Enquirer: 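Once you've had a glance at the structure underneath, I'll fire off some questions.
As a basis for the values below, the full set of heavy atoms in this structure was taken, side chains included, without hydrogen atoms, waters or symmetry mates. Just so we're clear, the structure is a prediction, and the values are computed from it rather than from any experiment.
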Amino acid sequence: MAPAITLAAEAPTLSAANTGFMLICSALVMLMTPGLAFFYGGMVRVKSTLNMLMMSFISLGIVTVLWVLYGFSMAFGTDSASLVGWNSDWLGLSNIGLTELWDGYTIPVFVFLVFQLMFAIITPALISGALADRVKFTAWALFIALWVTIVYFPVAHWVWGTGGWAFELGVIDFAGGTAVHINAGAAALGVILVIGKRVGFKKDPMRPHSLPLVMLGAALLWFGWFGFNAGSWLGNDDGVGALMFVNTQVATGAAVLGWLAYEKIRHGAFTTLGAASGAVAGLVAITPSGGAVSPLGAIAIGVIAGVLCAMAVGLKYRFGYDDSLDVVGVHLVGGILGSLLIGFFATGKGQSDVAGLFYGGGLDQFWKQCAGVFGVLAYSLIVSAILAFLLDKTIGMRVSEDDEVAGIDQAEHAETAYDFSGAGGGAARTAVPATAPGATAQAASKKVDA
């Protein structure tokens with residue numbers, strides 16, 4: 001009898017299909033940061049609109065440069081003590097071959113690194129929503145540079161880098177429940193506890209100035225999130241990415257319904273802000289879990305996230321922390337829920353054979369999820385608070401009270417979002433009595449920015 005011949009597994013080869021798919025996904029994730037800017041920009045008052053947009057857009061510049069210089073190496077380089085990576089050949093991205101493949105996959109290293117870059121960009125931008133109306137732009141830019149270096153790059157290594165402690169423990173985070181959303185939400189809480197409340201918090205009305213802008217931003221986020229989530233499987237060879245795509249849609253729709261139902265029962269109305277916020281809550285919660293659960297599990301996760309995040313946004317009034325645009329209530333709480341619920345709803349038929357409690361797997365995975373969740377939360381909260389404290393004591397984190405009241409857009413950017421000087425311009429060509437309705441409307445419009 002002839003001896004059995006064992007063939008070595010074929011090495012992966014570059015897949016044009018997967019490479020093209022991942023480049024598209026990278027572009028979709030990039031679009032999420034401008035989408036977030038619009039979402040946040042519509043939620044603030046008129047006098048803070050441009051500052052809110054800029055707090056997201058500046059991340060595109062700062063994080064991109066740092067990622068090229070050393071960020072990619074820290075996040076995905078050779079592990080050191082399960083805490084951070086490093087690869088000197090990746091500094092400046094100068095020693096990476098055009099067709100060099102990401103280890104174990106069919107896409108080039110350049111494609112993987114640009115996809116992960118978009119995650120690194122949006123994560124600090126998420127924090128900005130908690131700080132609306134009151135932070136110096138220079139201080140914010142410096143905070144981003146320090147925060148991604150000390151917090152995001154190492155945490156990304158913990159969760160996704162080979163050798164990272166959460167990765168080796170078996171914590172499931174498909175697309176960023178811990179590394180992105182809990183990380184950003186905990187950081188937001190740490191910073192606002194240091195810099196304090198806005199002038200007039202719980203006294204003055206601080207309603208969104210443009211709900212259509214909020215809805216536009218939510219729509220762009222929802223659209224881009226398909227790249228964020230489905231792309232995180234890094235290819236389309238086994239159907240897991242397709243499952244994640246479906247679950248992203250399902251959980252988000254369910255979360256919108258859950259949030260609106262709670263809102264109707266609690267406050268008596270279905271609001272557009274509630275619909276947009278519910279969508280984001282569902283997107284956040286399914287981000288870590290969507291590759292491990294079924295579509296029915298995604299519905300459950302979406303409804304739970306929609307209801308509990310809607311409840312959580314009111315905690316700032318009870319406990320007195322000024323989370324301007326509900327980053328803690330949506331991203332921190334939603335990220336925690338989505339990550340922990342894997343321990344109950346994982347089917348063992350998705351991204352891995354790990355099953356949760358409801359599918360006969362016991363609580364083993366739940367405890368692993370707890371370790372990942374609370375490890376990232378504690379580190380990000382504490383380090384972010386320390387960074388904010390040091391910046392506040394050196395260059396100062398906050399604008400002056402007068403600038404905050406007058407409008408941070410004018411103080412920090414020498415611009416305003418809307419030019420009302422031309423409103424009713426046609427009246428200049430035709431005399432209008434002072435008592436005409438148009439005159440009253442024109443006068444009122446000039447007061448909007450206050």
Enquirer: In this structure, are over 12 heavy atoms from other groups packed under 6.0 Å from Phe245 atom CZ?
Expert: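 No, CZ of Phe245 has 12 or fewer neighbouring heavy atoms, counting only those of other groups under 6.0 Å.
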
Enquirer: Between His331 and His181, is there a donor-acceptor pair closer than 3.5 Å when you use the side chain of the first and the backbone of the second?
Expert: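 No; zero donor-acceptor contacts below 3.5 Å.
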
Enquirer: Please check this pair: side chain of Asn247 against backbone of Gly290, looking for a donor-acceptor N/O pair closer than 3.5 Å.
Expert: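 Answer holds: yes.
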
Enquirer: For ring pair (Phe, Tyr, Trp, His ring centres under 6.0 Å), just list the numbers for Phe143 and Trp140, CA-CA rounded to whole Å, side-chain angles, deciding distance to a tenth of an Å, and then say yes or no.
Expert: CA-CA 5 Å; Phe143 177 84; Trp140 169 245; 5.8 Å; yes

Enquirer: Does any non-hydrogen side-chain atom of Leu377 lie less than 4.5 Å from one of Leu332?
Expert: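 A side-chain contact under 4.5 Å exists here.
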
Enquirer: Which residue pairs satisfy the side-chain hydrogen bond (donor to acceptor under 3.5 Å, both in side chains) criterion with at least one member in residues 300-318, sequence neighbours excluded?
Expert: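 Every side-chain hydrogen bond (donor to acceptor under 3.5 Å, both in side chains) pair that includes a residue of residues 300-318, provided the two are not neighbours, is Lys316-Asp326.
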
Enquirer: Here's a test for you: under side-chain hydrogen bond (donor to acceptor under 3.5 Å, both in side chains), which of Lys202, Lys197, Arg198 qualifies with Asp322?
Expert: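 Filter result, single survivor: Arg198.
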
Enquirer: Tell me the closest heavy-atom pair linking Phe115 and Phe228, and the distance in Å.
Expert: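 Here Phe115 and Phe228 meet closest at CZ-O, 4.0 Å.
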
Enquirer: I'd like to know if the side chain of Ser48 pairs up with that of Asn51 as donor and acceptor (distance under 3.5 Å, no hydrogens or angles considered).
Expert: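 Ser48 vs Asn51: no donor-acceptor pair found between side chains.
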
Enquirer: Working note: Phe76 + Trp90, criterion ring pair (Phe, Tyr, Trp, His ring centres under 6.0 Å); need CA distance, chi angles, decisive distance, verdict.
Expert: CA-CA 10 Å; Phe76 292 99; Trp90 290 351; 8.1 Å; no

Enquirer: Go through Leu146 and Leu391 one step at a time and tell me if the side chain to side chain contact (heavy atoms under 4.5 Å, CB included) criterion holds.
Expert: CA-CA 10 Å; Leu146 294 172; Leu391 288 172; 4.3 Å; yes

Enquirer: Which atoms form the tightest heavy-atom contact between Leu260 and Ala275, and what is the distance?
Expert: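 Residues Leu260 and Ala275, closest heavy atoms: CD2-N, 3.7 Å.
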
Enquirer: Among Asp409, Asp133, Asp204, which one satisfies salt bridge (Lys or Arg N to Asp or Glu O under 4.0 Å) with Arg45?
Expert: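 So, applying the salt bridge (Lys or Arg N to Asp or Glu O under 4.0 Å) to Arg45 and each of Asp409, Asp133, Asp204, only Asp133 qualifies.
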
Enquirer: Which atoms form the tightest heavy-atom contact between Leu221 and Gly35, and what is the distance?
Expert: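 That closest heavy-atom pairing would be CG-C, 4.2 Å.
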
Enquirer: Verify, without hydrogens or angle tests, whether Asp323 (side chain) and Val328 (backbone) share a donor-acceptor contact under 3.5 angstrom.
Expert: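 Flag set: sc Asp323 to bb Val328 pair under 3.5 Å.
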
Enquirer: With a cut-off of 6.0 Å (strictly less than), are more than 12 heavy atoms of other residues, nucleotides or ligands near OH of Tyr379?
Expert: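 Check passes, neighbour count above 12.
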
Enquirer: For a side chain to side chain contact (heavy atoms under 4.5 Å, CB included) check, start with the C-alpha distance between Trp233 and Leu243, then their side-chain angles and the critical distance, and finish with the verdict.
Expert: CA-CA 10 Å; Trp233 199 238; Leu243 172 67; over 6 Å; no

Enquirer: Go through it in stages, so that I can follow the logic: the residues are Phe112 and Phe72, the test is side chain to side chain contact (heavy atoms under 4.5 Å, CB included), and I'd like the CA-CA distance, side-chain angles, deciding distance and then a yes or no.
Expert: CA-CA 10 Å; Phe112 176 77; Phe72 180 59; 3.9 Å; yes

Enquirer: Go through it in stages, so that I can follow the logic: the residues are Tyr321 and Leu315, the test is side chain to side chain contact (heavy atoms under 4.5 Å, CB included), and I'd like the CA-CA distance, side-chain angles, deciding distance and then a yes or no.
Expert: CA-CA 8 Å; Tyr321 60 88; Leu315 294 177; 3.6 Å; yes

Enquirer: When you look at CG of Asp103, are more than 12 heavy atoms from neighbouring residues, nucleotides or ligands closer to it than 6.0 Å?
Expert: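 No, the 6.0 Å shell around CG holds no more than 12 heavy atoms from other groups.
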
Enquirer: For the side chain of Thr19 and the backbone of Ile107, is there at least one donor-acceptor N/O pair under 3.5 Å apart?
Expert: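 Judged by distance alone, no pair lies under 3.5 Å.
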
Enquirer: Return the CD1 to CH2 distance between Ile96 and Trp102, rounded to the nearest 0.5 Å.
Expert: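 Between atom CD1 of Ile96 and atom CH2 of Trp102 there are 9.0 Å.
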
Enquirer: With a 3.5 Å distance limit and no angle check, can you tell me whether Asn229 reaches the backbone of Ala175 through a side-chain donor-acceptor pair?
Expert: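 Between the backbone of Ala175 and the side chain of Asn229 there is no qualifying donor-acceptor contact (under 3.5 Å).
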
Enquirer: Judged by modelled atom types alone, do Tyr40 and Ser324 share a side-chain donor-acceptor pair under 3.5 Å?
Expert: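 No - no donor-acceptor pair under 3.5 Å links their side chains.
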
Enquirer: For the residue pair Thr123 and Trp147, confirm or rule out a side-chain donor-acceptor distance under 3.5 Å.
Expert: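 No pair is found: no donor N or O on one side chain lies under 3.5 Å from an acceptor on the other.
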
Enquirer: Determine whether a donor-acceptor pair (N or O, by modelled atom type, separation under 3.5 Å) exists between the side chain of Ser384 and the backbone of Ser380.
Expert: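 Here the side-chain-to-backbone pair exists.
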
Enquirer: Can you tell me if Gln369 uses its side chain to pair, donor with acceptor, with the backbone of Gly343 under 3.5 Å?
Expert: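 The answer is no, because no donor-acceptor pair under 3.5 Å joins these two groups.
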
Enquirer: Counting N and O atoms only, with roles assigned by atom type, does the side chain of Gln365 sit under 3.5 Å from a partner on the main chain of Gly170, one being a donor and the other an acceptor?
Expert: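 At least one qualifying donor-acceptor pair exists.
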
Enquirer: Please check this pair: side chain of Glu404 against backbone of Val199, looking for a donor-acceptor N/O pair closer than 3.5 Å.
Expert: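 Yes; at least one donor-acceptor contact below 3.5 Å.
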
Enquirer: Could you tell me if the side chain of Ser128 sits less than 4.5 Å from the side chain of Ser56, heavy atoms only?
Expert: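 Yes - at least one pair of side-chain heavy atoms lies under 4.5 Å apart.
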
Enquirer: Answer yes or no: does atom OH of Tyr105 have more than 12 heavy-atom neighbours from other residues, nucleotides or ligands under 6.0 Å?
Expert: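 Count not over threshold, so no.
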
Enquirer: Of all heavy-atom pairs between Thr49 and Tyr418, which one has the smallest distance, and what is that distance?
Expert: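 Smallest heavy-atom distance, with atoms named: OG1-CE1, 4.3 Å.
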
Enquirer: Could you tell me whether the side chains of Ser82 and Glu168 share a donor-acceptor contact shorter than 3.5 Å?
Expert: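 Side chains of Ser82 and Glu168: no pair found under 3.5 Å.
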
Enquirer: Considering all heavy atoms of both residues, which atom of Thr33 and which atom of Ala125 are nearest to each other, and what is their separation?
Expert: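 Between these two residues, the closest heavy atoms are CG2-CB, 4.5 Å.
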
Enquirer: Okay, side chain of Trp160, backbone of Ala75: is any donor-acceptor separation there less than 3.5 Å?
Expert: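 Side chain of Trp160 to backbone of Ala75, a donor-acceptor pair under 3.5 Å: no, none is there.
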
Enquirer: Which atoms form the tightest heavy-atom contact between Met244 and Thr287, and what is the distance?
Expert: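 Of all heavy-atom pairs spanning Met244 and Thr287, the closest is CE-O, 3.2 Å.
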
Enquirer: Using side-chain heavy atoms (C-beta onward) and a distance below 4.5 Å, is Leu341 in contact with Ser289?
Expert: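 No, side chains not in contact.
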
